There are 2 protein chains.
Amino acid sequence: MGIPASGATTLADVAARAGVSLKTASRAVNGEQHVREETRAKVLAAASDLGFQLNSSASLLARGIASSFVGVVTGDLANPFYAVLAQGAASELRAHQLSVTLGSSDESAAQEEVLVDELARRSVRAVIAASAMTSHAPYAALQRRGVPVVFVDRAPTDLDADSIVLDNVGGARAAAEHLLAGGHRRIAFLGDFERLPTYRERLDGFTATMDAATGSAATAPSVASDWRELVREGAHDPEVAARVTGELLDAAHPPTAIFASNNRATLGVLRELARRGDTTTALVGFDDFDLAEVLGVTVVAHDARAMGAQAARLVVERLADPRRDTELVRLPTRLVTRGSGERPPRA
Amino acid sequence: MGIPASGATTLADVAARAGVSLKTASRAVNGEQHVREETRAKVLAAASDLGFQLNSSASLLARGIASSFVGVVTGDLANPFYAVLAQGAASELRAHQLSVTLGSSDESAAQEEVLVDELARRSVRAVIAASAMTSHAPYAALQRRGVPVVFVDRAPTDLDADSIVLDNVGGARAAAEHLLAGGHRRIAFLGDFERLPTYRERLDGFTATMDAATGSAATAPSVASDWRELVREGAHDPEVAARVTGELLDAAHPPTAIFASNNRATLGVLRELARRGDTTTALVGFDDFDLAEVLGVTVVAHDARAMGAQAARLVVERLADPRRDTELVRLPTRLVTRGSGERPPRA
DNA sequence: TTGAAAGCGCTAACAG
DNA sequence: CTGTTAGCGCTTTCAA
């Protein structure tokens with residue numbers, strides 16, 4: 001059990017101790033073929049004695065490989081959506097000998113740019129990004145250097161890249177239709193930052209449904225054409241969402257239902273409703289959450305873990321074949337009714 | 001805007017294009033001193049033209065540095081406690097040019113061992129671990145090789161290492177005292193896996209308080225000496241916690257209050273209470289959570305982000321001075337009352 | 001099955 | 001301020 005003094009135990013040390021050449025030691029340590037069992041055992045014993053560990057930088061360099069890390073860029077790891085997504089990606093990538101390195105942008109484009117830069121400096125092998133940027137130049141630069149970039153949750157419009165997104169339009173449409181079917185005519189839409197494609201797509205789905213119902217005989221009484229006055233944006237965090245909810249409900253013609261277009265917004269709405277003891281305003285949220293069942297909150301649910309796993313798959317496939325056509329995967333959503341979306345409209 | 005054909009653009013290419021030596025190019029690219037502004041600009045332009053990026057493996061190897069990654073081992077990233085902790089560590093480490101690579105063990109000792117092995121193979125610079133193991137041999141091996149290991153949330157007993165933990169005893173004591181003060185005498189304790197030190201310490205705090213109250217004149221009517229019959233362990237996930245809660249409440253002498261010793265257990269209790277429409281059983285949970293305010297849940301709160309940041313600090317300090325004494329940091333907890341812990345005992 | 005020599009791309013000394 | 005000469009620790013030819 002000889003414990004080495006400190007620092008560098010190299011393959012050369014192991015080879016010397018085992019009485020073999022450097023190359024033989026390398027073969028044994030890397031589990032390659034063409035090594036007599038006896039020799040291998042001798043080398044492995046020496047390695048273990050010396051507490052030897054391959055120097056991964058040297059190994060990668062000699063092999064001509066940039067690195068074994070995939071960068072994952074998210075908005076905020078404290079948001080379970082991102083955390084679960086990252087975990088899905090990590091566990092899928094592990095199967096391909098790839099590790100994940102994480103960075104949170106706090107949804108700030110500036111910070112995201114710094115992050116991407118950092119990843120580049122670390123020579124990551126590929127990047128999976130839930131980007132909050134509108135211009136994706138830094139990612140384009142990575143792509144040009146042969147580093148695959150896969151976008152999750154939000155697909156870029158200024159870049160041709162593999163992307164995996166949710167069926168935001170369908171999800172929002174389902175939510176709106178559900179509330180309309182419940183008799184609601186004044187439905188508020190709580191949106192995220194206007195620059196995010198998720199916000200826009202969810203608003204599109206909502207808009208399509210509301211427009212179709214406006215003045216329509218199918219939904220009697222029909223939706224008034226001023227439904228757009230109940231659309232709000234910028235509710236990215238719970239605090240803002242709560243404030244906006246309060247303003248909506250305090251208005252002359254308050255909504256009878258709210259569609260919160262992401263989990264942070266839903267949290268804010270719930271806080272405000274709880275604060276005022278409001279148990280009549282209907283609510284549907286985009287994104288499921290742990291306590292939704294306990295609180296009886298109807299949501300548009302989806303599978304964040306699958307999203308991460310699929311992103312990892314796209315990374316692996318592009319790594320294998322850099323010139324394949326880019327792929328856009330759209331993951332389904334489903335409405336889960338739990339009560340809050342089924343509250344009847346106030347008279 | 002010459003875009004390189006593919007693959008390897010090396011510093012040599014940049015140097016050639018800029019008409020300087022390799023070393024000068026290196027200096028410029030690394031922002032070192034002793035380079036004429038004009039020369040630097042020339043090199044940087046060439047680098048940018050070629051889309052050059054330093055090969056970090058080569059750079060680290062030449063510098064004699066193992067890597068710039070710190071491994072963070074957690075139980076489950078989907079648990080916000082770990083996610084926030086990881087984020088705290090990451091943001092603190094970034095200030096020291098260190099990146100984070102993540103792995104989840106799912107609280108399985110076997111999987112954790114695989115993870116640690118993987119980190120070793122990646123030559124991480126240091127490791128921050130919320131370990132679910134009872135024997136920490138793999139971490140000891142890392143330490144021997146000069147890789148600092150900092151334990152978070154759970155300190156090892158079989159290893160001398162920097163650790164940062166919560167005041168579990170104090171937190172549990174506060175919870176128990178609060179419920180006792182509210183008149184409860186039959187208080188259930190929902191514990192995690194028995195092997196986890198957090199479980200044991202929280203149980204210790206609970207035990208100390210209950211023992212002190214048993215038969216004491218200070219708490220009249222005094223606690224019966226059979227209070228231990230309401231202690232349960234193994235409630236690591238919400239499903240088990242919900243089931244155990246149901247069993248407790250269905251028993252002949254059900255508890256009038258429950259102390260859930262972690263956030264997953266609290267979730268399970270809340271689900272079961274909601275399922276049965278039980279609004280009388282008092283509840284205090286260890287760990288705060290987003291919707292605790294909405295649900296009016298009294299909790300023992302603490303700062304997970306600070307925990308991660310402190311762990312990062314310990315990593316940096318040990319990296320700077322490997323022979324300093326190991327440090328054990330204990331972070332405070334505080335009771336946040338929101339109603340669920342203040343429900344009076346049923347007659 | 002094993003080994004010797006030649007680099008991977010970069011940085012650290014030491015000159016100039 | 002700039003360049004030259006050696007390696008960092010490992011893997012890869014190619015021979016033996």
Side-chain angles (χ1 to χ4, degrees), chain A residues 4 6-44 46-47 50-68 97 120-125 145-146, chain B residues 4 6-44 46-47 50-68 97 120-125 145-146:
Chain A
S6 79
T9 322
T10 73
L11 232 205
D13 301 334
V14 174
R17 184 174 177 121
V20 299
S21 80
L22 195 54
K23 180 56 203 173
T24 300
S26 168
R27 277 198 265 259
V29 163
N30 285 301
E32 287 174 27
Q33 296 187 318
H34 305 302
V35 185
R36 214 192 324 159
E37 247 340 298
E38 192 188 318
T39 313
R40 183 193 305 282
K42 206 166 48 178
V43 174
L44 261 30
L50 297 171
F52 169 78
Q53 188 73 42
L54 267 175
N55 176 323
S56 74
S57 289
S59 177
L60 290 170
L61 176 60
R63 251 194 277 253
I65 296 173
S67 98
S68 52
Q97 332 290 346
R121 251 199 317 275
R122 302 273 190 253
S123 304
V124 291
R125 191 86 170 283
R145 288 215 313 281
Chain B
S6 77
T9 322
T10 73
L11 233 205
D13 301 335
V14 174
R17 182 173 179 125
V20 300
S21 80
L22 193 56
K23 181 58 200 172
T24 300
S26 167
R27 276 198 266 258
V29 163
N30 285 301
E32 287 174 27
Q33 296 188 316
H34 306 301
V35 185
R36 216 195 319 160
E37 247 339 299
E38 194 188 316
T39 313
R40 182 193 305 281
K42 208 167 45 179
V43 174
L44 262 29
L50 297 172
F52 168 79
Q53 188 74 42
L54 267 174
N55 177 321
S56 74
S57 290
S59 177
L60 290 171
L61 177 58
R63 249 193 278 251
I65 296 174
S67 99
S68 52
Q97 331 291 346
R121 250 198 321 272
R122 300 273 189 254
S123 306
V124 291
R125 191 84 172 282
R145 289 215 313 283

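Every chain is numbered from 1, with letters handed out A, B, ... down the list of sequences. Just so you know, these numbers come straight off a predicted model, no measurement behind them.
Of all non-hydrogen atoms in B/Arg27 and B/Arg40, the two that sit nearest each other are O-NH1, 4.3 Å. Nearest approach of A/Leu44 to A/Ala28, heavy atoms of both residues: CD1-O, 3.9 Å. In terms of heavy atoms, B/Arg122 sits closest to A/Ser56 at O-OG, 3.4 Å. Considering every non-hydrogen atom in both A/Leu11 and A/Phe52, the closest pair reads N-CE1, 3.3 Å. The two atoms that bring A/Val20 and A/Ala25 nearest to each other are CG2-N, 4.0 Å, heavy atoms only. Between A/Ser123 and A/Ser67, the shortest heavy-atom contact is O-OG, 3.1 Å.
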> So A/Gln97 and B/Arg121, side chain to side chain contact (heavy atoms under 4.5 Å, CB included) or not? Walk me through it.
Replying inline: CA-CA 11 Å; A/Gln97 332 290 346; B/Arg121 250 198 321 272; 5.7 Å; no
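On the nucleic acid side, DNA chain D contacts chain A at distances under 4.0 Å to non-hydrogen atoms, with the end points of that region at D/dG9 to D/dT12.
Rounded to a whole Å, the CG atom of B/Leu22 is 20 Å from the P atom of C/dA15. Distance, A/Leu61 CG to C/dG7 P: 14 Å, rounded to whole Å. As rounded to whole Å, 6 Å separates atom C1' of C/dT2 from atom CZ of A/Arg27. The CG atom of B/Asp13 sits 14 Å away from the C1' atom of C/dC8 (whole-angstrom rounding). Whole-Å rounding puts the A/Lys42 NZ to C/dT2 C1' distance at 11 Å. As a whole-Å value, the separation of B/His34 NE2 from C/dA13 P is 14 Å. Taking atom CG on B/Leu60 and atom P on C/dT11, their separation rounds to 9 Å, with Å as the unit. Separating the NZ atom of B/Lys23 from the C1' atom of C/dT11 is a distance of 5 Å, rounded to the nearest angstrom.
With DNA chain C read from its 5' end, the first of the two nearest nucleotides for B/Ser59 and A/Val35 is the one closest to A/Val35. Comparing A/Arg63 and B/Gly19 by the nucleotide of DNA chain D that holds the closest heavy atom to each, the one mapping nearer the 5' end is B/Gly19.
Heavy atoms of A/Leu54 sit under 4.0 angstrom from primed sugar atoms or phosphate atoms, though from no base atom. Counting non-hydrogen atoms under 4.0 angstrom, A/Ser57 reaches nothing in the nucleic acid.
Contact annotation: A/Thr24 reaches the phosphate of C/dG3 (side-chain N/O to OP1 or OP2, under 4.0 Å).
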